[in-house]
Amino acid sequence: MSDAAVPAFEERVVRVRTLLLLRWLAILGQLAAILFVSVGLEFTMATSACLGLVALSAWSNVFLRLRFAGNRRMSEEWTAWVLGFDILQLAAQLWLTGGLTNPFALLIIAPVMVSATTLSAGRTITLGALVLLSATLLAIFHLPLPWYVGESFTPPFLFVGGVWLALVCSLLFMGTYAFRVAEERRQLADALSATEIILTREQNLQALDGLAAAAAHELGTPLATISVVTRELEREMDPASPIADDIRLLRSQSERCREILSKLKTLGEDDESPLTRLNVHALIEEVVAPHRGTGIEIKITMAGPEDDQPIVNRNPAVHYGLGNLVENAVDFALTRVTVRAEWDMQRLSITISDDGPGFPDDVLDRLGDPFISRRNAAARGGGLGLGIFIAKTLLERTGASVVFRKGPGATAVVTWSRDVLSGVRSTEH
């Protein structure tokens with residue numbers, strides 16, 4: 001139940017259709033701008049070279065469509081190369097049309113925005129550095145800005161420097177903002193996917209009673225046949241025969257198997273069975289049991305009317321959520337973890353606390369968010385990231401409220417309404 005057991009979602013992929021659509025829009029935009037300036041305004045410019053660059057981008061799009069015809073997604077590495085090509089292609093267009101004096105120079109950061117929302121931080125930083133290098137060179141080296149025949153428009157270098165600075169500031173701010181927003185969305189999606197995987201795993205483990213009942217049903221018929229045949233053989237067999245005892249033993253063992261299978265068939269059918277329903281003390285004992293013997297004392301206390309102890313249905317979400325909170329408490333405790341259950345007519349609260357260093361102030365307000373920082377570098381446990389998020393998410397799905405507190409040590413309080421808790425079924429997701 002630790003974070004280490006959670007699947008990792010590292011590789012990011014991009015839909016080929018989305019990327020190609022963006023590139024076709026850029027190609028059409030470049031083509032329209034070139035024709036408008038060259039033909040509409042009749043400005044002097046390197047029209048053939050500019051159209052050649054547009055054609056190169058168009059052919060690259062055709063190549064990508066053919067290359068990924070059978071795939072619906074493009075790998076992160078391929079996407080980075082494509083965006084890098086787009087930066088260089090646009091830099092070449094700007095070099096032919098005035099460099100940073102071109103009003104469209106700001107568009108050179110567009111591939112970085114795409115990267116920030118789809119690729120990793122490392123590749124986004126690499127593409128950003130490529131844009132910064134290209135912008136710096138374009139501020140110094142470029143052909144004249146297209147202008148009327150016989151005239152030229154040459155702004156002072158201070159203006160060009162201002163454009164360069166504005167471009168760099170836009171790159172840093174917009175790139176960082178886009179990356180952070182996209183990264184939080186990716187983390188949340190990854191965390192929810194991991195939650196579903198772990199919940200399914202827990203449900204499969206707790207569905208063994210159903211599998212046993214199904215097996216018992218299937219084995220019932222052949223065992224009945226064996227019982228009938230051995231009974232017939234026993235009647236016809238001479239009691240003095242050397243194999244008479246073996247036949248009697250075979251019949252008695254087949255009858256015993258039928259009795260065992262008849263019990264297995266009832267798993268999950270008895271609402272009061274400890275396999276399907278259990279009281280709060282038994283629930284906490286089951287949750288705590290895997291963490292006994294770790295060198296940390298785990299103390300369980302009950303506070304409530306003994307004759308009115310809540311009875312709950314087995315639910316993998318409840319077991320996993322509470323188990324993960326107990327595991328984190330054991331990881332960070334110095335000597336002891338306390339699990340306290342309190343109940344009355346309206347609600348049930350389970351408080352899990354440890355005598356460890358507690359939650360840092362900068363983490364406490366964010367507990368329950370996926371992939372947050374660790375509690376204390378000196379603590380024995382792992383990070384308080386995805387595991388806490390999954391535990392909180394699963395418990396809240398059962399109708400619980402989860403609150404984290406600090407000092408002394410760390411405390412997690414899980415509270416259910418008795419009405420809500422009685423409706424939590426073992427099959428709930």
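Values in this document were obtained by computation on a predicted structure and should not be read as measured data.
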N102 side-chain N/O to L94 backbone N/O, donor-acceptor pair under 3.5 Å: no
Given I108, L53, L88, the one that forms side-chain contact (heavy atoms from CB on, under 4.5 Å) with Q93: L53
Note, L31 side chain near L51 side chain (heavy atom, < 4.5 Å): yes
Identified side-chain contact (heavy atoms from CB on, under 4.5 Å) counterpart of V287 within the set I352, I300, L322: L322
W24 atom CH2, over 12 foreign heavy atoms within 6.0 Å: yes
Residues that Y148 engages under ring pair (Phe, Tyr, Trp, His ring centres under 6.0 Å), provided they are two or more places apart: F43
T415 side chain vs S401 backbone, donor-acceptor pair below 3.5 Å: no
By side chain to side chain donor-acceptor pair (under 3.5 Å) - contacts of E42 (at least two apart): none
Atom pair CE (M45) and OG1 (T97), whose distance is rounded to the nearest 0.5 Å: 6.0 Å
Chi angles and distances behind the side-chain contact (heavy atoms from CB on, under 4.5 Å) call for L395, W416: CA-CA 9 Å; L395 290 171; W416 288 272; 3.9 Å; yes
Separation of L22 CG from I27 CD1 (nearest 0.5 Å): 11.0 Å
Point-to-point distance, once rounded to the nearest 0.5 Å, from CG of L130 to CD1 of I87: 4.5 Å
Any V288 side-chain heavy atom under 4.5 Å of V337 side chain: no
Interatomic spacing from CG in L119 to CD1 in I125 - rounded to 0.5 Å: 12.0 Å
Over all atoms of both residues, closest heavy-atom pair of L138 and A91: CD2-O, 3.6 Å
Smallest separation among heavy atoms of G356 and L334, with atom names: CA-CG, 4.0 Å
Backbone N/O of L172 and side chain of T176: donor-acceptor pair under 3.5 Å: yes
Steps toward side-chain contact (heavy atoms from CB on, under 4.5 Å) verdict (T118, T124): CA-CA 9 Å; T118 56; T124 300; over 6 Å; no
Pair R123-T79, side-chain donor/acceptor within less than 3.5 Å: no
Exercise: identify the closest heavy-atom pair between G98 and P146: N-CD, 4.5 Å
Plane angle bin for W78 and F68 - parallel if under 30°, tilted between 30 and 60°, otherwise perpendicular: perpendicular
Nearest heavy-atom neighbours spanning S57 and R23: O-NH1, 3.9 Å
Side-chain heavy-atom pair V168, W164 within 4.5 angstrom cut-off: yes
No-hydrogen, no-angle side-chain donor-acceptor test under 3.5 Å, T411 and S353: no
R292 atom CZ, neighbour heavy-atom count above 12 within 6.0 Å: yes
Test item: D308 and R418 side chains (from C-beta on) under 4.5 Å apart, heavy atoms: yes
Side chain N328, main chain N324, donor-acceptor under 3.5 Å: yes
Sidechain-backbone polar pair: S38 side chain, L35 backbone, donor-acceptor under 3.5 Å: no
I296 vs H291 side-chain heavy atoms within contact, under 4.5 Å: no
Main-chain N/O of P305 paired with W343 side-chain donor or acceptor, under 3.5 Å: yes
Gap separating the CG atom of L325 from the NZ atom of K392, nearest 0.5 angstrom: 11.0 Å
pair T398-L394: side-chain heavy atoms closer than 4.5 Å: no
Minimum side-chain heavy-atom gap M113-T117 below 4.5 Å: no
pair V163-T101: side-chain heavy atoms closer than 4.5 Å: no
By ring pair (Phe, Tyr, Trp, His ring centres under 6.0 Å) - contacts of F153 (at least two apart): W147
Exercise: identify the closest heavy-atom pair between L64 and L20: CB-CD2, 3.8 Å
Spacing of R17 atom CZ and L21 atom CG [to the nearest 0.5 Å]: 9.5 Å
K299/E297 ion pair, N-O < 4.0 Å: no
Criterion side-chain contact (heavy atoms from CB on, under 4.5 Å) on L83 and L19, from CA distance to verdict: CA-CA 9 Å; L83 294 176; L19 185 60; 4.2 Å; yes
Closest contact, heavy atoms only, Q309 versus H281: OE1-N, 2.8 Å
Atom CG of L158 with >12 non-hydrogen neighbours under 6.0 angstrom: no
